[in-house]
Amino acid sequence: MAGTTQVKKLTKGDIFRSWVIWLFFSHANYNWERLQGGAFAHAMIPIIRRLYSTPEEIRAALKRHLVFFNTEPNWGGMIHGITISMEEARANGAEIDDDTINAVKSGLMGPMAGVGDSITQGLVFPVMLSIGIGMASQGSLVGPFLYVLVVAAYLWGFGWVAYYQGYVQGQQLITRLLESGLLDKVRLVATILGSAVVGALAATFVRVSTPLTFTSGQTKIEVQKAILDRLMPGLLPLATVLIVFWLVKRGVSPTKIMVGIFVVSLVGKLLKVF
Amino acid sequence: MQEVTIGAGAAFLIAFGYYFGNSPFAANLGFSAVIRPLIAGTLVGFILGKPVEGAMIGGTINLIYLGFISAGGATPADIGLAGWLGTALALAGNLEPAAALALAAPLGAIGVVKRNATMSINALFVHAADRYAEEPNPSKVALMNWLPAQLINFALSFTPVYLGALLGGKVVGQVVQSVPPWVIGWLTVAGGMLAALGIALNLRFLLRLETLPYFLLGFIVAVTAKLNLVLIAVAATALALLHVTFTERRAS
(Lines give C-alpha, C1' and ligand atoms only; values in the text may rest on other atoms or scores of the structure.)
Protein backbone atom coordinates (compact mmCIF):
# COMPACT_ATOMS: atom_id res chain seq x y z
CA MET A 1 0.00 0.00 0.00
CA ALA A 2 1.02 3.57 -0.64
CA GLY A 3 0.72 4.24 3.09
CA THR A 4 4.09 2.58 3.64
CA THR A 5 5.92 5.36 1.84
CA GLN A 6 3.98 8.46 2.79
CA VAL A 7 1.12 9.38 5.15
CA LYS A 8 -1.95 10.64 3.26
CA LYS A 9 -3.36 13.64 5.05
CA LEU A 10 -6.46 15.58 4.03
CA THR A 11 -6.39 19.35 4.32
CA LYS A 12 -9.12 21.56 5.77
CA GLY A 13 -9.64 22.75 2.18
CA ASP A 14 -10.48 19.20 1.07
CA ILE A 15 -13.13 18.89 3.77
CA PHE A 16 -14.46 22.35 2.88
CA ARG A 17 -14.76 21.46 -0.82
CA SER A 18 -16.62 18.29 0.10
CA TRP A 19 -18.98 20.28 2.36
CA VAL A 20 -19.67 22.90 -0.32
CA ILE A 21 -20.65 20.16 -2.79
CA TRP A 22 -22.95 18.64 -0.16
CA LEU A 23 -24.39 22.05 0.76
CA PHE A 24 -25.39 22.73 -2.84
CA PHE A 25 -26.12 19.30 -4.28
CA SER A 26 -27.49 17.14 -1.45
CA HIS A 27 -30.91 17.02 -3.12
CA ALA A 28 -29.94 17.79 -6.74
CA ASN A 29 -30.86 14.29 -7.94
CA TYR A 30 -33.20 13.27 -5.11
CA ASN A 31 -34.91 10.03 -6.07
CA TRP A 32 -37.04 7.26 -4.61
CA GLU A 33 -34.44 4.56 -5.17
CA ARG A 34 -31.40 5.87 -3.32
CA LEU A 35 -32.53 9.32 -2.10
CA GLN A 36 -29.27 11.18 -1.34
CA GLY A 37 -27.03 8.26 -2.38
CA GLY A 38 -25.67 9.89 -5.53
CA ALA A 39 -25.16 13.14 -3.64
CA PHE A 40 -23.13 11.40 -0.96
CA ALA A 41 -20.79 9.98 -3.62
CA HIS A 42 -20.64 13.43 -5.26
CA ALA A 43 -19.53 15.01 -1.97
CA MET A 44 -16.86 12.33 -1.49
CA ILE A 45 -15.19 12.99 -4.85
CA PRO A 46 -12.64 15.61 -3.60
CA ILE A 47 -11.76 13.20 -0.79
CA ILE A 48 -11.47 10.19 -3.10
CA ARG A 49 -9.29 12.15 -5.51
CA ARG A 50 -6.91 13.15 -2.71
CA LEU A 51 -6.69 9.73 -1.03
CA TYR A 52 -6.72 7.22 -3.86
CA SER A 53 -4.72 7.05 -7.07
CA THR A 54 -5.25 3.67 -8.75
CA PRO A 55 -8.37 3.10 -10.89
CA GLU A 56 -9.26 0.07 -8.71
CA GLU A 57 -9.26 2.14 -5.53
CA ILE A 58 -11.23 4.99 -7.10
CA ARG A 59 -13.80 2.61 -8.59
CA ALA A 60 -14.28 0.83 -5.26
CA ALA A 61 -14.60 4.10 -3.35
CA LEU A 62 -17.17 5.56 -5.77
CA LYS A 63 -19.26 2.40 -5.65
CA ARG A 64 -18.97 2.28 -1.87
CA HIS A 65 -20.68 5.65 -1.59
CA LEU A 66 -23.26 5.33 -4.38
CA VAL A 67 -25.54 3.29 -2.13
CA PHE A 68 -28.80 4.37 -0.45
CA PHE A 69 -28.35 7.28 1.90
CA ASN A 70 -30.79 9.70 3.48
CA THR A 71 -30.55 12.02 6.43
CA GLU A 72 -31.17 15.60 7.49
CA PRO A 73 -28.50 17.43 5.47
CA ASN A 74 -27.24 19.86 8.13
CA TRP A 75 -26.93 17.72 11.25
CA GLY A 76 -26.32 14.70 9.04
CA GLY A 77 -23.15 16.37 7.73
CA MET A 78 -21.47 14.94 10.81
CA ILE A 79 -21.84 11.53 9.14
CA HIS A 80 -19.89 12.79 6.13
CA GLY A 81 -17.18 14.11 8.43
CA ILE A 82 -16.96 10.77 10.21
CA THR A 83 -16.93 8.86 6.91
CA ILE A 84 -14.14 11.10 5.61
CA SER A 85 -12.02 10.36 8.69
CA MET A 86 -12.60 6.62 8.15
CA GLU A 87 -11.65 6.88 4.49
CA GLU A 88 -8.47 8.71 5.46
CA ALA A 89 -7.55 6.01 7.97
CA ARG A 90 -8.31 3.32 5.39
CA ALA A 91 -6.14 4.99 2.74
CA ASN A 92 -3.31 4.93 5.27
CA GLY A 93 -3.59 1.20 5.74
CA ALA A 94 -6.09 0.81 8.60
CA GLU A 95 -8.27 -2.31 8.49
CA ILE A 96 -11.59 -0.66 7.66
CA ASP A 97 -13.66 -2.60 5.14
CA ASP A 98 -16.68 -1.54 3.08
CA ASP A 99 -19.08 -3.13 5.54
CA THR A 100 -17.74 -1.08 8.43
CA ILE A 101 -18.11 2.19 6.54
CA ASN A 102 -21.59 1.18 5.39
CA ALA A 103 -22.63 0.20 8.89
CA VAL A 104 -21.52 3.52 10.33
CA LYS A 105 -23.31 5.51 7.61
CA SER A 106 -26.56 3.60 7.75
CA GLY A 107 -26.48 3.35 11.53
CA LEU A 108 -26.14 7.09 11.99
CA MET A 109 -28.38 8.45 9.23
CA GLY A 110 -31.61 7.57 11.08
CA PRO A 111 -30.75 9.15 14.42
CA MET A 112 -29.27 12.26 12.77
CA ALA A 113 -32.39 12.64 10.61
CA GLY A 114 -34.51 12.40 13.75
CA VAL A 115 -32.55 15.01 15.68
CA GLY A 116 -31.95 17.23 12.65
CA ASP A 117 -35.49 17.25 11.27
CA SER A 118 -37.05 17.94 14.64
CA ILE A 119 -34.71 20.88 15.27
CA THR A 120 -34.26 22.33 11.76
CA GLN A 121 -37.71 21.75 10.27
CA GLY A 122 -39.64 21.43 13.52
CA LEU A 123 -38.21 24.41 15.42
CA VAL A 124 -35.79 26.73 13.60
CA PHE A 125 -37.83 27.20 10.40
CA PRO A 126 -41.30 27.56 11.98
CA VAL A 127 -40.19 29.83 14.82
CA MET A 128 -38.30 32.15 12.47
CA LEU A 129 -41.15 31.99 9.94
CA SER A 130 -43.66 32.87 12.66
CA ILE A 131 -41.68 35.96 13.59
CA GLY A 132 -41.24 36.90 9.92
CA ILE A 133 -44.92 36.39 9.13
CA GLY A 134 -45.90 38.47 12.16
CA MET A 135 -43.67 41.34 11.05
CA ALA A 136 -44.80 41.08 7.42
CA SER A 137 -48.45 41.26 8.48
CA GLN A 138 -47.71 44.65 10.03
CA GLY A 139 -46.31 45.82 6.71
CA SER A 140 -42.64 45.34 7.54
CA LEU A 141 -40.17 43.82 5.10
CA VAL A 142 -37.67 43.28 7.92
CA GLY A 143 -39.41 39.97 8.74
CA PRO A 144 -38.55 38.14 5.50
CA PHE A 145 -34.99 39.51 5.48
CA LEU A 146 -34.45 38.52 9.10
CA TYR A 147 -35.67 35.02 8.30
CA VAL A 148 -33.21 34.58 5.43
CA LEU A 149 -30.36 36.01 7.51
CA VAL A 150 -30.90 33.74 10.52
CA VAL A 151 -31.54 30.64 8.43
CA ALA A 152 -28.43 31.27 6.31
CA ALA A 153 -26.32 31.72 9.45
CA TYR A 154 -27.71 28.48 10.88
CA LEU A 155 -27.36 26.38 7.72
CA TRP A 156 -23.96 27.67 6.67
CA GLY A 157 -22.45 28.23 10.12
CA PHE A 158 -23.75 25.23 12.00
CA GLY A 159 -23.70 23.06 8.86
CA TRP A 160 -19.95 23.57 8.38
CA VAL A 161 -19.14 23.12 12.07
CA ALA A 162 -21.06 19.82 12.15
CA TYR A 163 -19.33 18.57 8.98
CA TYR A 164 -15.83 19.53 10.12
CA GLN A 165 -16.26 18.38 13.72
CA GLY A 166 -17.48 15.03 12.41
CA TYR A 167 -14.12 14.68 10.66
CA VAL A 168 -12.05 15.94 13.62
CA GLN A 169 -13.81 14.07 16.42
CA GLY A 170 -15.08 11.03 14.55
CA GLN A 171 -17.76 8.79 15.96
CA GLN A 172 -17.31 9.98 19.54
CA LEU A 173 -18.88 13.29 18.53
CA ILE A 174 -22.32 11.80 18.02
CA THR A 175 -22.11 9.58 21.10
CA ARG A 176 -21.10 12.57 23.19
CA LEU A 177 -23.78 14.76 21.64
CA LEU A 178 -26.56 12.27 22.26
CA GLU A 179 -25.43 11.39 25.78
CA SER A 180 -24.72 14.85 27.17
CA GLY A 181 -27.93 16.56 28.24
CA LEU A 182 -27.12 19.68 26.22
CA LEU A 183 -29.16 18.69 23.19
CA ASP A 184 -32.26 18.07 25.30
CA LYS A 185 -31.89 21.43 27.01
CA VAL A 186 -31.52 23.30 23.72
CA ARG A 187 -34.53 21.47 22.38
CA LEU A 188 -36.63 22.29 25.45
CA VAL A 189 -35.80 26.01 25.26
CA ALA A 190 -36.64 26.05 21.57
CA THR A 191 -39.87 24.11 22.13
CA ILE A 192 -41.06 26.56 24.78
CA LEU A 193 -40.12 29.52 22.60
CA GLY A 194 -41.91 27.88 19.69
CA SER A 195 -45.06 27.18 21.70
CA ALA A 196 -45.36 30.80 22.85
CA VAL A 197 -44.68 32.27 19.41
CA VAL A 198 -47.08 29.89 17.70
CA GLY A 199 -49.69 30.71 20.35
CA ALA A 200 -49.31 34.39 19.51
CA LEU A 201 -49.47 33.56 15.83
CA ALA A 202 -52.71 31.64 16.33
CA ALA A 203 -54.21 34.68 18.06
CA THR A 204 -53.08 36.97 15.23
CA PHE A 205 -53.96 34.93 12.18
CA VAL A 206 -56.71 32.43 12.86
CA ARG A 207 -59.88 34.35 12.07
CA VAL A 208 -63.15 32.80 13.13
CA SER A 209 -66.12 34.91 14.18
CA THR A 210 -69.87 34.73 13.86
CA PRO A 211 -72.33 37.35 12.57
CA LEU A 212 -75.19 35.57 14.39
CA THR A 213 -77.68 37.76 16.21
CA PHE A 214 -80.88 37.02 18.03
CA THR A 215 -83.55 39.23 19.51
CA SER A 216 -84.65 38.94 23.05
CA GLY A 217 -87.72 41.09 23.57
CA GLN A 218 -86.83 44.51 22.13
CA THR A 219 -83.04 44.20 22.04
CA LYS A 220 -80.93 42.69 19.31
CA ILE A 221 -78.06 40.69 20.74
CA GLU A 222 -74.86 40.10 18.74
CA VAL A 223 -73.50 36.71 19.70
CA GLN A 224 -69.88 37.65 18.95
CA LYS A 225 -69.71 40.96 20.79
CA ALA A 226 -72.21 40.45 23.58
CA ILE A 227 -71.48 36.87 24.50
CA LEU A 228 -68.28 35.35 23.07
CA ASP A 229 -65.99 38.37 23.41
CA ARG A 230 -67.14 38.91 26.98
CA LEU A 231 -66.47 35.28 27.79
CA MET A 232 -63.00 35.45 26.31
CA PRO A 233 -61.67 37.37 23.32
CA GLY A 234 -60.29 34.95 20.76
CA LEU A 235 -62.37 32.03 22.02
CA LEU A 236 -63.44 30.78 18.57
CA PRO A 237 -59.93 30.93 17.03
CA LEU A 238 -58.49 29.11 20.05
CA ALA A 239 -61.22 26.47 19.89
CA THR A 240 -60.60 26.04 16.13
CA VAL A 241 -56.86 25.51 16.64
CA LEU A 242 -57.43 23.00 19.45
CA ILE A 243 -60.05 21.06 17.46
CA VAL A 244 -57.78 20.88 14.39
CA PHE A 245 -54.85 19.90 16.63
CA TRP A 246 -56.96 17.12 18.11
CA LEU A 247 -57.82 15.86 14.61
CA VAL A 248 -54.13 15.98 13.60
CA LYS A 249 -53.20 14.05 16.76
CA ARG A 250 -55.82 11.43 15.93
CA GLY A 251 -54.07 10.90 12.61
CA VAL A 252 -56.55 12.55 10.25
CA SER A 253 -54.57 13.54 7.13
CA PRO A 254 -53.90 17.26 6.54
CA THR A 255 -55.53 17.05 3.10
CA LYS A 256 -58.74 15.70 4.61
CA ILE A 257 -58.70 18.45 7.24
CA MET A 258 -58.15 21.02 4.49
CA VAL A 259 -61.14 19.75 2.51
CA GLY A 260 -63.13 19.63 5.76
CA ILE A 261 -62.35 23.29 6.44
CA PHE A 262 -63.54 24.28 2.95
CA VAL A 263 -66.78 22.35 3.50
CA VAL A 264 -67.42 23.64 7.03
CA SER A 265 -66.77 27.23 6.00
CA LEU A 266 -69.07 26.87 2.96
CA VAL A 267 -71.90 25.40 5.02
CA GLY A 268 -71.29 27.99 7.74
CA LYS A 269 -71.33 30.81 5.20
CA LEU A 270 -74.56 29.58 3.60
CA LEU A 271 -76.27 29.19 6.98
CA LYS A 272 -74.86 32.61 7.95
CA VAL A 273 -73.12 31.15 11.01
CA PHE A 274 -69.73 32.54 9.85
CA MET B 1 -55.03 48.17 -3.48
CA GLN B 2 -54.39 48.65 -7.19
CA GLU B 3 -54.53 45.57 -9.39
CA VAL B 4 -51.31 44.57 -11.10
CA THR B 5 -50.81 43.07 -14.52
CA ILE B 6 -48.28 40.30 -14.99
CA GLY B 7 -46.31 40.86 -18.20
CA ALA B 8 -44.10 38.32 -19.97
CA GLY B 9 -40.97 39.63 -18.22
CA ALA B 10 -42.52 39.42 -14.77
CA ALA B 11 -43.91 35.94 -15.51
CA PHE B 12 -40.40 34.89 -16.59
CA LEU B 13 -38.87 36.13 -13.33
CA ILE B 14 -41.58 34.51 -11.21
CA ALA B 15 -41.19 31.17 -13.02
CA PHE B 16 -37.41 31.40 -12.74
CA GLY B 17 -37.63 32.23 -9.03
CA TYR B 18 -39.79 29.16 -8.46
CA TYR B 19 -37.27 26.96 -10.28
CA PHE B 20 -34.35 28.57 -8.42
CA GLY B 21 -35.98 27.71 -5.10
CA ASN B 22 -36.30 24.08 -6.20
CA SER B 23 -32.80 23.94 -7.69
CA PRO B 24 -29.53 23.12 -5.93
CA PHE B 25 -28.01 26.48 -6.85
CA ALA B 26 -29.18 28.45 -3.83
CA ALA B 27 -26.67 26.84 -1.42
CA ASN B 28 -29.38 25.12 0.62
CA LEU B 29 -31.38 28.34 0.90
CA GLY B 30 -33.76 27.11 -1.83
CA PHE B 31 -35.67 24.56 0.21
CA SER B 32 -35.20 26.48 3.45
CA ALA B 33 -35.99 30.00 2.21
CA VAL B 34 -36.76 30.65 -1.48
CA ILE B 35 -39.70 28.23 -1.65
CA ARG B 36 -41.16 29.37 1.69
CA PRO B 37 -44.24 31.43 0.81
CA LEU B 38 -43.15 34.28 3.11
CA ILE B 39 -39.95 34.72 1.09
CA ALA B 40 -41.52 33.77 -2.25
CA GLY B 41 -44.33 36.27 -1.68
CA THR B 42 -41.86 39.04 -0.85
CA LEU B 43 -39.82 38.32 -4.00
CA VAL B 44 -42.96 38.14 -6.18
CA GLY B 45 -43.98 41.43 -4.58
CA PHE B 46 -40.67 43.02 -5.61
CA ILE B 47 -41.06 41.66 -9.15
CA LEU B 48 -44.57 43.11 -9.44
CA GLY B 49 -43.74 46.35 -7.65
CA LYS B 50 -45.75 45.57 -4.49
CA PRO B 51 -43.21 44.19 -2.03
CA VAL B 52 -45.16 44.93 1.17
CA GLU B 53 -48.40 43.46 -0.18
CA GLY B 54 -46.45 40.47 -1.51
CA ALA B 55 -44.88 39.85 1.90
CA MET B 56 -48.28 40.06 3.60
CA ILE B 57 -49.91 37.65 1.16
CA GLY B 58 -46.94 35.30 1.13
CA GLY B 59 -46.81 35.36 4.92
CA THR B 60 -50.49 34.49 5.14
CA ILE B 61 -50.11 31.65 2.63
CA ASN B 62 -47.15 30.43 4.67
CA LEU B 63 -49.38 29.95 7.70
CA ILE B 64 -50.81 26.66 6.48
CA TYR B 65 -47.28 25.41 5.83
CA LEU B 66 -45.91 26.34 9.22
CA GLY B 67 -45.90 22.67 10.15
CA PHE B 68 -44.50 21.64 6.75
CA ILE B 69 -41.90 18.93 7.12
CA SER B 70 -40.36 16.99 4.29
CA ALA B 71 -38.91 13.73 5.53
CA GLY B 72 -37.51 10.94 3.38
CA GLY B 73 -38.82 12.58 0.24
CA ALA B 74 -42.45 12.39 1.34
CA THR B 75 -43.70 15.93 0.93
CA PRO B 76 -47.26 16.87 1.82
CA ALA B 77 -47.39 19.92 -0.49
CA ASP B 78 -45.50 21.96 -3.06
CA ILE B 79 -45.15 25.05 -0.88
CA GLY B 80 -43.05 26.81 -3.52
CA LEU B 81 -45.90 26.67 -6.04
CA ALA B 82 -48.37 27.93 -3.43
CA GLY B 83 -45.98 30.76 -2.56
CA TRP B 84 -44.77 31.86 -6.00
CA LEU B 85 -47.83 31.32 -8.19
CA GLY B 86 -50.29 31.82 -5.33
CA THR B 87 -48.93 35.28 -4.47
CA ALA B 88 -48.67 36.28 -8.14
CA LEU B 89 -52.30 35.37 -8.84
CA ALA B 90 -53.49 36.96 -5.59
CA LEU B 91 -51.78 40.25 -6.50
CA ALA B 92 -53.14 40.09 -10.05
CA GLY B 93 -56.65 39.39 -8.74
CA ASN B 94 -56.40 41.97 -5.95
CA LEU B 95 -57.33 39.35 -3.36
CA GLU B 96 -57.35 39.81 0.40
CA PRO B 97 -54.63 37.72 2.10
CA ALA B 98 -57.14 35.27 3.63
CA ALA B 99 -58.75 34.63 0.23
CA ALA B 100 -55.26 34.28 -1.29
CA LEU B 101 -54.57 31.51 1.23
CA ALA B 102 -57.67 29.63 0.07
CA LEU B 103 -56.51 30.02 -3.56
CA ALA B 104 -52.93 28.92 -2.87
CA ALA B 105 -53.71 25.83 -0.77
CA PRO B 106 -55.07 23.78 -3.72
CA LEU B 107 -52.06 24.87 -5.85
CA GLY B 108 -49.78 23.46 -3.18
CA ALA B 109 -51.68 20.17 -3.25
CA ILE B 110 -51.53 19.87 -7.06
CA GLY B 111 -47.80 20.63 -7.18
CA VAL B 112 -46.84 17.45 -5.33
CA VAL B 113 -47.44 15.50 -8.56
CA LYS B 114 -44.36 17.11 -10.16
CA ARG B 115 -42.13 16.25 -7.24
CA ASN B 116 -43.24 12.63 -7.13
CA ALA B 117 -42.71 12.30 -10.89
CA THR B 118 -39.18 13.76 -10.83
CA MET B 119 -38.19 11.59 -7.89
CA SER B 120 -39.11 8.54 -9.97
CA ILE B 121 -37.31 9.74 -13.12
CA ASN B 122 -34.19 10.71 -11.17
CA ALA B 123 -33.55 7.08 -10.23
CA LEU B 124 -32.40 6.55 -13.84
CA PHE B 125 -29.51 8.96 -13.43
CA VAL B 126 -28.11 7.28 -10.36
CA HIS B 127 -27.85 4.12 -12.49
CA ALA B 128 -25.91 6.13 -15.05
CA ALA B 129 -23.65 7.22 -12.17
CA ASP B 130 -23.11 3.51 -11.36
CA ARG B 131 -21.80 2.95 -14.89
CA TYR B 132 -19.43 5.94 -14.68
CA ALA B 133 -18.17 4.68 -11.30
CA GLU B 134 -17.24 1.44 -13.06
CA GLU B 135 -14.95 3.25 -15.58
CA PRO B 136 -14.03 4.98 -13.09
CA ASN B 137 -14.89 8.56 -14.06
CA PRO B 138 -15.49 10.72 -10.95
CA SER B 139 -16.35 13.86 -12.96
CA LYS B 140 -19.20 12.08 -14.75
CA VAL B 141 -20.45 10.60 -11.46
CA ALA B 142 -20.63 14.17 -10.16
CA LEU B 143 -22.39 15.37 -13.30
CA MET B 144 -25.03 12.63 -13.05
CA ASN B 145 -25.90 13.95 -9.59
CA TRP B 146 -27.29 17.17 -10.99
CA LEU B 147 -27.29 17.93 -14.71
CA PRO B 148 -29.98 15.62 -16.16
CA ALA B 149 -32.23 15.92 -13.12
CA GLN B 150 -31.99 19.69 -13.22
CA LEU B 151 -32.82 19.92 -16.94
CA ILE B 152 -36.03 18.01 -16.24
CA ASN B 153 -36.68 19.95 -13.05
CA PHE B 154 -36.28 23.22 -14.95
CA ALA B 155 -38.70 22.20 -17.69
CA LEU B 156 -41.32 20.92 -15.25
CA SER B 157 -40.98 23.85 -12.85
CA PHE B 158 -40.50 26.83 -15.13
CA THR B 159 -43.13 26.03 -17.78
CA PRO B 160 -46.27 25.63 -15.66
CA VAL B 161 -45.50 28.65 -13.49
CA TYR B 162 -44.64 30.82 -16.48
CA LEU B 163 -47.90 29.91 -18.22
CA GLY B 164 -49.87 30.01 -14.97
CA ALA B 165 -48.64 33.51 -14.10
CA LEU B 166 -49.03 34.86 -17.63
CA LEU B 167 -52.43 33.36 -18.50
CA GLY B 168 -53.80 33.05 -14.97
CA GLY B 169 -52.76 36.62 -14.21
CA LYS B 170 -54.91 37.81 -17.13
CA VAL B 171 -58.05 35.99 -16.13
CA VAL B 172 -57.85 35.92 -12.35
CA GLY B 173 -58.87 39.57 -12.07
CA GLN B 174 -61.91 39.06 -14.30
CA VAL B 175 -62.80 35.81 -12.55
CA VAL B 176 -62.64 37.49 -9.17
CA GLN B 177 -64.88 40.29 -10.40
CA SER B 178 -67.45 37.93 -11.85
CA VAL B 179 -67.79 35.54 -8.92
CA PRO B 180 -70.61 36.32 -6.50
CA PRO B 181 -69.52 38.03 -3.26
CA TRP B 182 -70.50 35.04 -1.12
CA VAL B 183 -67.80 32.95 -2.80
CA ILE B 184 -65.14 35.50 -1.85
CA GLY B 185 -66.73 35.61 1.60
CA TRP B 186 -66.53 31.82 1.77
CA LEU B 187 -62.86 31.80 0.73
CA THR B 188 -62.08 34.44 3.34
CA VAL B 189 -63.75 32.39 6.08
CA ALA B 190 -61.92 29.27 4.86
CA GLY B 191 -58.63 31.18 4.80
CA GLY B 192 -59.09 32.31 8.38
CA MET B 193 -59.63 28.69 9.44
CA LEU B 194 -56.90 27.19 7.23
CA ALA B 195 -54.36 29.13 9.26
CA ALA B 196 -55.36 26.87 12.17
CA LEU B 197 -54.31 23.82 10.15
CA GLY B 198 -50.72 24.98 9.66
CA ILE B 199 -50.50 25.97 13.27
CA ALA B 200 -51.93 22.64 14.46
CA LEU B 201 -49.50 20.71 12.25
CA ASN B 202 -46.60 22.62 13.78
CA LEU B 203 -47.99 22.07 17.28
CA ARG B 204 -47.46 18.34 16.79
CA PHE B 205 -43.79 19.02 17.55
CA LEU B 206 -44.35 21.59 20.24
CA LEU B 207 -47.43 20.99 22.30
CA ARG B 208 -47.17 18.78 25.36
CA LEU B 209 -48.52 19.23 28.86
CA GLU B 210 -45.21 20.86 29.75
CA THR B 211 -45.42 23.49 27.00
CA LEU B 212 -49.20 24.07 26.96
CA PRO B 213 -48.98 26.99 29.46
CA TYR B 214 -46.53 28.80 27.16
CA PHE B 215 -48.79 28.30 24.16
CA LEU B 216 -51.75 29.73 26.09
CA LEU B 217 -49.63 32.63 27.40
CA GLY B 218 -48.50 33.49 23.88
CA PHE B 219 -52.10 33.39 22.70
CA ILE B 220 -53.45 35.51 25.55
CA VAL B 221 -50.70 38.11 25.36
CA ALA B 222 -51.24 38.50 21.62
CA VAL B 223 -55.04 38.80 22.00
CA THR B 224 -55.02 41.28 24.84
CA ALA B 225 -51.76 43.25 24.75
CA LYS B 226 -51.26 43.20 20.95
CA LEU B 227 -47.50 43.00 21.46
CA ASN B 228 -45.44 42.30 18.38
CA LEU B 229 -44.06 38.81 17.83
CA VAL B 230 -40.41 39.70 18.34
CA LEU B 231 -41.20 40.99 21.81
CA ILE B 232 -43.19 37.86 22.58
CA ALA B 233 -40.31 35.72 21.30
CA VAL B 234 -37.82 37.53 23.55
CA ALA B 235 -40.11 37.17 26.58
CA ALA B 236 -40.66 33.49 25.78
CA THR B 237 -36.91 32.88 25.55
CA ALA B 238 -36.52 34.40 29.00
CA LEU B 239 -39.28 32.16 30.36
CA ALA B 240 -37.76 29.11 28.67
CA LEU B 241 -34.37 29.77 30.26
CA LEU B 242 -36.04 30.15 33.66
CA HIS B 243 -37.95 26.92 33.06
CA VAL B 244 -34.77 24.99 32.26
CA THR B 245 -32.86 26.49 35.19
CA PHE B 246 -35.53 25.76 37.78
CA THR B 247 -36.54 22.30 36.60
CA GLU B 248 -32.86 21.34 36.54
CA ARG B 249 -32.23 22.53 40.08
CA ARG B 250 -35.21 20.53 41.31
CA ALA B 251 -33.99 17.41 39.57
CA SER B 252 -30.51 17.59 41.10
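In what follows, every chain begins at residue 1, and chains take the letters A, B, ... in the order their sequences are listed. This one's a predicted model, so the numbers in the text were calculated from it and none came from an experiment.
- Among the candidates B/Thr42, B/Leu63, B/Asn202, the residue making the largest number of heavy-atom pairs closer than 4.5 Å to chain A is B/Leu63.
- Annotation: maximal heavy-atom pairing with chain B below 4.5 Å, among A/Pro237, A/Ala136, A/Gly134, A/Ala152, occurs at A/Ala136.
- Put simply, of B/Leu207, B/Leu241, B/Val221, the one with the most heavy-atom pairs under 4.5 Å next to chain A is B/Leu207.
- Counting heavy-atom pairs closer than 4.5 Å to chain B, the top-ranked of the candidates A/Arg59, A/Arg207, A/Lys63 is A/Arg59.
- Side-chain contact between B/Trp186 and A/Leu270 is absent, with no heavy-atom pair separated by less than 4.5 Å.
- If you tally non-hydrogen atom pairs under 4.5 Å between each of B/Leu66, B/Thr211, B/Thr118, B/Val52 and chain A, the highest count goes to B/Leu66.
- Between A/Glu33 atom CD and B/Leu124 atom CG the span is 9.0 Å, to the nearest 0.5 Å.
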Discussion item. Applying side chain to side chain contact (heavy atoms under 4.5 Å, CB included) to A/Tyr30 and B/Arg115, what does each step give before you reach the verdict?
Written reply: CA-CA 10 Å; A/Tyr30 208 39; B/Arg115 188 184 161 87; 3.5 Å; yes

Discussion item. Let's go through B/Leu29 and A/Trp156 carefully: what are the C-alpha distance in whole Å and the side-chain angles of both, what is the deciding distance for side chain to side chain contact (heavy atoms under 4.5 Å, CB included) to 0.1 Å, and is it a yes or a no?
Written reply: CA-CA 9 Å; B/Leu29 286 181; A/Trp156 297 344; 3.5 Å; yes

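- Between A/Phe125 atom CZ and B/Leu38 atom CG the span is 13.0 Å, to the nearest 0.5 Å.
- Nearest approach of A/Leu193 to B/Ala233, heavy atoms of both residues: CD1-O, 3.2 Å.
- When B/Glu134, B/Met56, B/Arg204 are compared by the number of non-hydrogen pairs under 4.5 Å with chain A, B/Glu134 comes out ahead.
- When each of A/Thr240, A/Leu247, A/Ile257, A/Val206 is tested with B/Leu197 by the rule side-chain contact (heavy atoms from CB on, under 4.5 Å), just one qualifies, namely A/Ile257.
- In terms of non-hydrogen atom pairs under 4.5 Å with chain B, the most contact-rich of A/Val198, A/Val241, A/Val248 is A/Val198.
- With a 4.5 angstrom heavy-atom cutoff, B/Arg36 touches chain A only via side-chain atoms.
- Heavy atoms closer than 4.5 Å to chain A are found nowhere in B/Tyr65, neither backbone nor side chain.
- Contact annotation for B/Ser139: both backbone and side-chain heavy atoms come within less than 4.5 Å of a heavy atom of chain A.
- Considering OG1 of A/Thr120 and CZ of B/Phe31, their distance stands at 9.5 Å, rounded to 0.5 Å.
- Here the shortest heavy-atom pairing between B/Ile199 and A/Ala202 reads CD1-CA, 3.5 Å.
- Comparing B/Pro136, B/Ala200, B/Gly59 by heavy-atom pairs within less than 4.5 Å of chain A, the highest count is held by B/Pro136.
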Worksheet entry | Derivation of the side chain to side chain contact (heavy atoms under 4.5 Å, CB included) call for B/Met144 and A/Asn29 | CA-CA 8 Å; B/Met144 284 303 117; A/Asn29 188 42; over 6 Å; no

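- The contact between B/Glu210 and chain A is made entirely by side chain atoms (from C-beta outward), counting heavy-atom distances below 4.5 Å.
- When the candidates A/Ile58, A/Leu141, A/Leu236 are compared by the number of heavy-atom contacts under 4.5 Å with chain B, A/Leu141 comes out ahead.
- To the nearest 0.5 angstrom, B/Leu212 atom CG is 8.5 Å from A/Ser195 atom OG.
- Nearest heavy atom pair, residue B/Asn145 against residue A/Ala28, reads O-CB, 3.3 Å.
- Across all non-hydrogen atoms, the minimal contact from B/Phe219 to A/Gly234 is CZ-O, 3.3 Å.
- Chain A is approached within less than 4.5 Å, heavy atom to heavy atom, by B/Ala102, B/Ala105, B/Pro106 from residues 99-107 of chain B, ordered by number.
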Practice prompt. Might you work through the side chain to side chain contact (heavy atoms under 4.5 Å, CB included) test for B/Met193 and A/Val208, ending with a clear yes or no?
Written response: CA-CA 7 Å; B/Met193 287 188 188; A/Val208 190; 3.9 Å; yes

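- Contact count versus chain B (heavy atoms, under 4.5 Å) is highest, among A/Leu62, A/Ile21, A/Ile48, for A/Leu62.
- In this structure, chain A has a heavy atom under 4.5 Å from the side chain of B/Leu187, while its backbone stays farther away.
- Between B/Leu201 and A/Pro254, some side-chain heavy-atom pair lies under the 4.5 Å cut-off.
- We find the OG-CD1 distance between A/Ser118 and B/Ile69 to be 8.0 Å, quoted to the nearest 0.5 Å.
- Counting heavy-atom pairs closer than 4.5 Å to chain B, the top residue among A/Val148, A/Leu66, A/Thr255, A/Asp117 is A/Leu66.
- For B/Pro51, the parts lying under 4.5 angstrom from a heavy atom of chain A are both the backbone and the side chain.
- Interface check for chain A: of the options B/Pro24, B/Ala33, B/Ala222, B/Ala236, the most heavy-atom pairs under 4.5 Å are formed by B/Pro24.
- Among residue pairs with one or both ends in residues 230-253 of chain A, none qualify as salt bridge (Lys or Arg N to Asp or Glu O under 4.0 Å); sequence neighbours excluded.
- Between atom CH2 of residue B/Trp182 and atom CG of residue A/Leu266 there is a gap of 5.5 Å, rounded to the nearest 0.5 Å.
- The two atoms that bring B/Ile232 and A/Ala200 nearest to each other are CD1-CB, 3.6 Å, heavy atoms only.
- Between A/Asn74 and B/Asn28, the shortest heavy-atom distance links the atoms OD1-ND2, 3.0 Å.
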